[in-house]
Amino acid sequence: MGVIPFPVLSIITWAPFVGAVLIMFLARHRPLAVRLIALVTTAISVVLSVFIFVVYNREAAGFQFHEKYPLVPPLGIAYEVAVDGMSLLMVLLTSIIIFAGVFASWTVTTRSQEFYALLLALVTGVYGVFVSLDLFVFFLFYELAVLPMYLLIGIWGSSGQVRPRGIFGWAFRETGVGSKEYAAMKLTLYLLFGSAFILVGIFALYVSAGTGSFSFLELEASSFPPRLQFWVFLAFYVGFGILAGIWPLHTWSPDGHASAPTAVSMLHAGVLMKLGAYGVVRLGMGLLPDAAVELAWLVGGVACINVVYGALSAMAQTDLKYVIAYSSVSHMGLVMLGAATLTEAGLNGAVFQMFAHGVMTGLFFALVGLVYEKSHSREIFKMGGFGRSMPGIATAFTVGGLSSLGLPATAGFVAEILTFMGAWQSTHPWWLVPAIAGTFLTAVYVLRVTKQIFWGPPSPHFDHLVDARGPEWVALVLLTAVIVLFGMVPALAIGPVDTATVPLLIRLMKP
Amino acid sequence: MPLGAYLTLAALVFAIGLFGVLTRRNAVGILLGIELMLNAVNINLVAFARFHADLAGILFTLFTISITVAEVAVGLAIVIVIFRVRRTVEADHLDLLRG
Amino acid sequence: MSALAPFALEVGLGLLLLIVFGAGLVARGEDRRGIAWLATGGVLVLAVVAMFVAPAGPALGGMFVQDGLAIFAKRLFLAATFIGLLAGLSGPDRVFARRAAEYHLLVLASLLGMLVLASARDLILLFLAFELMSIPLYVLAGFLKRDPGAVEASLKFFLVGSVSSAVMAYGLSFVYGATRTTDLAKIAAVSEGNPLLTLGLVMALVGFAFKIAAFPFHMWVPDTYEAASTPFVAWLSVAPKAAGFVALFRVYFEGGGERAAAWAPVAALLATVTMLAGNLMALPQQNTKRLLAYSGIAQIGYMLVGVAAASASGTAMVLFYLVAYVFGNMGAFLVVEALARAEGSEATAAFRGLAQRSPLLALAMLLFLLSLGGIPFVAGFWAKLYVFWAAAERGLYWLVLLGAILTVVALFYYLLIAKRMYIEEPERPGRVPVAPTLAWSVALCALGVVLLGLYPKAVVMAALRVAAPLF
Amino acid sequence: MTARVGADDLALLVLGLPFASFLLLALVRPLRRSAPAAAVVSIVAMALAFVAAFLTLQGSVRRGAAVSPSTTWSWIPADGGPMATVGVMVDELSMWMLLLVTLVSLLVQVYSWAYLADEPRSSLGRYYAYHSLFAFSMLGLVLSPTFLQMFIFWELVGLCSYLLIGFWYDRPAAARAAVKAFWITKLGDLGFVAGIVMLWSVTGTFDFWTLFTMGSMGTLPVEALPPIMFLIYLGAVGKSAQFPLHVWLPDAMEGPTPVSALIHAATMVTAGVFLVTRAFPLFRLTPDVLTLMAWVGACTALLAASMACVEADIKRVLAYSTISQLGYMMTAAGAGSPEAGFLHLLAHGVFKALLFLGAGIVIHVFHTNDVFRMGGLRRQAGVWLPFLIATLALAGVWPLPGFFTKEAILADVLEVRRWGPFVLLAVTAFLTAFYMFRVVFLAFFARPHGRRHGEPHVPLAMSAVCWLLGALTLALGLQQAFLSGHHEAGGPRWLPWLSLTLAGAGIALAWAMYHRGAIAPARVAALLGPIDWMARRRYGLDALFAGLYRGLLLALARLIGWIDRYLVDGVLNVLSAWTLRAGDRLRGLQTGQPQDYVYGVAFGALLLFVLAHWRLR
Amino acid sequence: MTAEMLAFAGVAVVLLASSLGVVLTPNLFHAILYLAVALVATGVVFLLLDAPFLFGVQLLLYAGGVVTIVVFAIMLTERLVGTSIRQTSRYLVNGALVSLAVFVGVAGFLVQAPPSAPRPAWPGDLTVAVGQALVGAFAVPLELLGVLLVIALLGALYFARSEG
């Protein structure tokens, strides 16, 4: 690989942002222009993501496409970006999801200009987190990725029907559970709450390292005292874990995802939750190896709860979006579990699961959005027989569902089997049990939902349902194809990922 | 008399002044309490100045006395304007703004 | 002439006071807004001049010093005053037109107090400047003297203020008594610990805490802010507080010498309770000005986090925070003013659907709120970050964590306003009319917030530079 | 070596043809939408695959076994060599299985064209796409050189089964059955995947050949093996419908009959037996698992047979019979001779497919599944002869293949002195003859019930396929009887007579009860009261699973869902509500009374005093 | 028991008593009279501290000026309200406890203070020194004080004048 003569990562990262700015200034009251700008700028990111995915040098491994511009030299803050095998895959995932998301939200009518602008700004944040090597800039991007969510959900979201009941009913009434404002506020505050921990953790590392630099590479080279590592790891775990939906800090996710508009759910469940797991792996494990080993029991144990608990909760839901949202909780458990195994298989599985689940859940939310748009309902038990009128959606849903339950030839399987392998190899072999139980429970609720919605006699509540159309197909086909492609040829992803996880493991296992 | 005696006397006057501020219902009464508190400050300053044989304390006292006068003038003006608008002198009744 | 060099700004302001006074004597008729323009223009000129003022050595036998910190602070005061006066130019209340001379004389006198306070390195001068700054504020708070709320606010402000300054004076008397001097430089040199010195500084802190409105000395704040005229409140909420902080630095850090670090726990405690109380009490507010008042108290708590660092960088970061706060907080108040003039309501409900009615005004408000909330790419983020940073450097992780978590609580109420603006539908259609001068002042604040957000470096560097000699 | 490469290539071709057909049908919408084109593509691909499979067998039989029959490529890379590989394993086992799968698939696809002629065209395209996918998956399973690949295709055939059972997805029963089939087999698969993961972590490989080599060299950690093999066996239990996971198979009959013939009789359900056979070198190392397998197999055989005896639905009878026969095969494996089981598998594949396809014709004629509403078919359709041949084969009557393979199994079971399973199997043999002839007598020989829509038309494709399979069954039997030296397998001399007697007795009883009417079925039922009662209720197993699902799983889910919403999230909301309340409460400090504000100052000063006393020393 | 001590004790008693009178008497006029006494007593304390100049200032500015303003204010407001102003107290116990606590807090520090040296002699004439300082180093503060007083008066005037 020769040196690429342009700052490819920066272009990938900032193209959507430029798109957002253009949309704000050039496309007032011109919906088509809004969409075209969004499409073009995300397409640039997609093409370049695929490009770097292809030309990434797997032999050399490590961080590549490095760019560095000092921002505040006295404080050691620099704009430093690069990707290794792990972030490479995440960048690709982000590209796929946002590209599909632009298509999936083609039909947003109210205030579409602001919608796309916020969405694109958000995406820049996500890209930024994945490519940043400077922890400070990382944090900035992280915030950028979280904040637009409030307005995106608040304005374009939809309210659910959660009733304030139970012994804490009064509290629900006071907080206004069920409304989209509630969900937006909960999500934003929860994630910012997490970012408070992250910030403190980053500072602690910065101060302790004493190198006067926020560069990941420099911090990686310094070793931190075990006590500090312990606390900082906990801070990172809680901070990023909230975003990754760890139990019991996950409750923002069902409400948030259920209330969010389609593209936002796609992006949030598909990419942002991964961002949490990515943070734990990249910063938690990468910088704090001793604590990562010491606290693996915690990460893995909580992940086990996540897997089973999330799946059972998903099973209990009657609102389609909540089902998908809880399935994300369950699958993020698998991601964290894979990471906690501290084995090559498990870690590869975790990263692959991030990718697989990202695409899959993106697909799910796109589909739910379509179903909702056409039927104006998310109540599973009112629906039925939609397969007849929307076979395309049904097929895509089935593929997504199968990936979710880990059916071979879909990306989900590779991720799960690797996680299982890692789990049994880890120091806590019993983790295999909840992991496997989770896949069964997933099979139960996914197929139950599929059957209820798409199979059976057509529901009397609905008529004139139509299948996906035009741009919507692009999203569905793209996501489905990715799921299957990576399920059949996992080496595509595992190859680069392995080059990133193995050095990480070597660091972790160093006595 | 040792310095401590003067300081204690000042502290007592200060506390009495504070007591007045806390307990008088009448706005003018409250002002009188503040006067006492500032008076205590002056006793303190002069005592210190005398025991250190230092001029700064005396000057300080001069300034505080003058500032106090200004403060009292403004305070009383506020009381008058309140009387005019609210028809009351009772501080307790001045709770339009709260929460 | 060179003897006057350190006093250039004060002398200039004195001249302006005289001019305005004279104009007030000469002016006739109901509308005396010319005086307002005069005063505003004068402050602008002074602000411009302040940009070129160079540090000078101590004057008046060390009583007065025109060092970097003083200049930094004075620029801030002048800028804030300019924005505040500019916004007030178009005030609809008749009293501002008729009594423009009084109003501006009071403001300028208070400003003079601030300028001197920033330079005062002697307890006597400091106290005098402090009072010169405060006393006009009591009058200004009740400037709408027909308004039952305003006069009540004025009384409360006066009462708490004069008790606090009595306590402060009492404390300063002990400081003097313990150190036998009123010169801060000499006080700093006193090395042995004296209980009377501690007592004095603790009691003096009451005065400062009142001025910066730390909990529980803050209680005048919400009432005063709610009732007084908004452009004045916008100014009141930033300039005197900034002055309070500068004086605080002078007395406790510059005058603290070796003992400066001993004040860290006190500041940390004050920071903790202030952040907690401010944020929590802001939560249930329905009146935007009250909400901003409590949020302002919380902001003070964050600044105290920087003070708790008791280090040069901490001090610098508080200075930076003050700059960010000036723009963010004033901006927010001024938007409230704009809306209140159009809607006649200061309730948060008045913000409904603002984004659809006046997108730019809503955007400006959003920027201010985000800045106050500490969100990246606007000034407030760096401000919070830097004070946290400074505290973290001193190992105050718990305080940083608490502050960061309370930031989230704060976002709750900031976002509620954002929700009103962006998510809810407007109650009535049509653009919100904004007077040009008010629009300009809002724009200035927005510009400040954004510029500082994008490029904080210059101000941070300046703050670091001026804070370093204190330690 | 070149010869082996040829066999691999052929095997890949066998694999690739249905896959290509699937891709074409799945991706090219017009092709899928036009039924004839879809059918032609699929059938042609299948025919070619059959030819290729045949050639593979031809080629390799002549050349004999080689060192390693598998060829693999890296699938999941890892730092120190691939973590998982995929490839093909061409040995005798897989080649025979290939032949069976391709043959039955081909015939069933041809048959389906006529059987499903009334379906909407687009559905038919979907049907053939599923079929191609199934063929691909089953062939992939058969050719798997590694456990992982086998699991992959194992799951894929499960998927196809699910899709095809639910082919008529708007019928609630079909939808339910499809889901049930998936869930129950998935339960077994959990064991399978756990097993292979554990096996991988103790041996570092999924590869059969490597594992066998390790086994023969004694480098396998045998002490770790029993739980692993047990778990893997669980996979086979689910897929091959062994007790207690057999409950899905009868319900799977909701799918189109050709699907039942192909997937739920001839091929997919035998995957479990195939797995055990394939991995037998490993199972051999764990005698306890084998014992369990034998007992479970035998019990399954008997249990299923008893349920078949009381079932009225012709397809369900056949389904129970399939379960029963799968029990036979598993018992054989459990008794240490998977070869016998495998032979039974092959033969059973042929004649059970025939039975189902024949039943399909019967159903086509009567428009009902209920045997008691059929009758008199003997005179009309030419289908009864092939059906009868298959029935006799299943009942184990000389000289049909069922006789030989079943006897071989019995002989092997006897040889290892597993008397219990032997007795169970023997009784099963009797019952098999009985219930099959019960169906034959009721459907073909009884007086016609109800009205008939004139002369039933049986499409040529359907009857031709049946005749072909009938001929094949006969040929297989005759080949066994006369061409190959059958009796070298051993077993006592009385064994053939015993099984013939049992078969005869069963046929006779069925004749007496359902043709002659000499014995009233009701009296027999009364005589066998509790057993009859239990069998009719399927031994409560369906109810048990339904109960577990509803009473345990869904209830638990609701509980967790409630906990999550109202407790876990509740705590969060309580915290935020408390924060809001705290703000409101704290706001009460701001009484509005001026002097209270002075109190604030005073308290603040006191606070600072205290702090100063405490910290500023 | 020196004469100075006696004088101090006497003044202290008068000062404290009159201070208490200020804060306790129900009649506002009495309170002002007590205040005047207290202020004069304070002046006497200044005398005891050898600051006769301050005694004068105290008498003129405070006892004279302040008391007069207050009386004016009271008369003004009383006329407005129309009744004689009686004043009551609120939460006496609370107020007493808090102010006592403050006193104890201050005293707690005072008792820890190192004993003071006996008072030294004044180096020169105090009044002259004050005068020199006010036109010398303290000229600028004096100017500022002037500004302060003017502004305070301006403010007071603004409030006090009634506008039609």
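Note that the structure is predicted; figures quoted are calculated from it, not measured. Here is how names work: the chains are called A, B, and so on, in the same order as the sequence lines, proteins then strands, and each is numbered from 1. Note that these values count all heavy atoms, side chains included, but never hydrogens, waters or copies made by symmetry.
- If you measure heavy-atom distances from C/I135 to chain E, the contacts under 4.5 Å come from the side chain alone.
- If you tally non-hydrogen atom pairs under 4.5 Å between each of C/V139, C/V151, C/V167, C/L196 and chain E, the highest count goes to C/V139.
- The contact between E/L154 and chain C is made entirely by side chain atoms (from C-beta outward), counting heavy-atom distances below 4.5 Å.
- To the nearest 0.5 Å, atoms CD1 (E/I151) and CG (C/L112) are separated by 9.0 Å.
- Here the side chains of E/L110 and C/F174 are in contact, with some heavy-atom distance below 4.5 Å.
- If you measure heavy-atom distances from C/V116 to chain E, the contacts under 4.5 Å come from the side chain alone.
- Taking 4.5 Å as the limit, some side-chain heavy atom of E/L144 sits within range of a side-chain heavy atom of C/L125.
- Atom CG of residue C/L105 and atom OH of residue E/Y158 lie 12.5 Å apart, to the nearest 0.5 angstrom.
- When heavy atoms are compared at a cutoff of 4.5 Å, C/I124 approaches chain E solely by way of its side chain, counted from C-beta outward.
- Of all heavy-atom pairs between C/L128 and E/P141, the closest is CD2-O, 3.1 Å.
- For C/F21, the CZ atom counts as loosely surrounded, since its 6.0 Å shell holds 12 or fewer non-hydrogen atoms of other residues, nucleotides or ligands.
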**Worked verdict on E/V106 versus C/M203 for side chain to side chain contact (heavy atoms under 4.5 Å, CB included)** = CA-CA 9 Å; E/V106 174; C/M203 295 198 94; 4.1 Å; yes
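- Under a cutoff of 6.0 Å and an axis angle of 45°, C/K145 and E/F159 do not form a cation-pi pair.
- Within a 6.0 Å radius of CZ in E/F55, more than 12 heavy atoms belonging to other residues, nucleotides or ligands are found.
- At a 4.5 Å heavy-atom cutoff, the contact between C/F143 and chain E is made by backbone and side-chain atoms alike.
- At a 4.5 Å heavy-atom cutoff, the contact between C/S154 and chain E is made by side-chain atoms alone.
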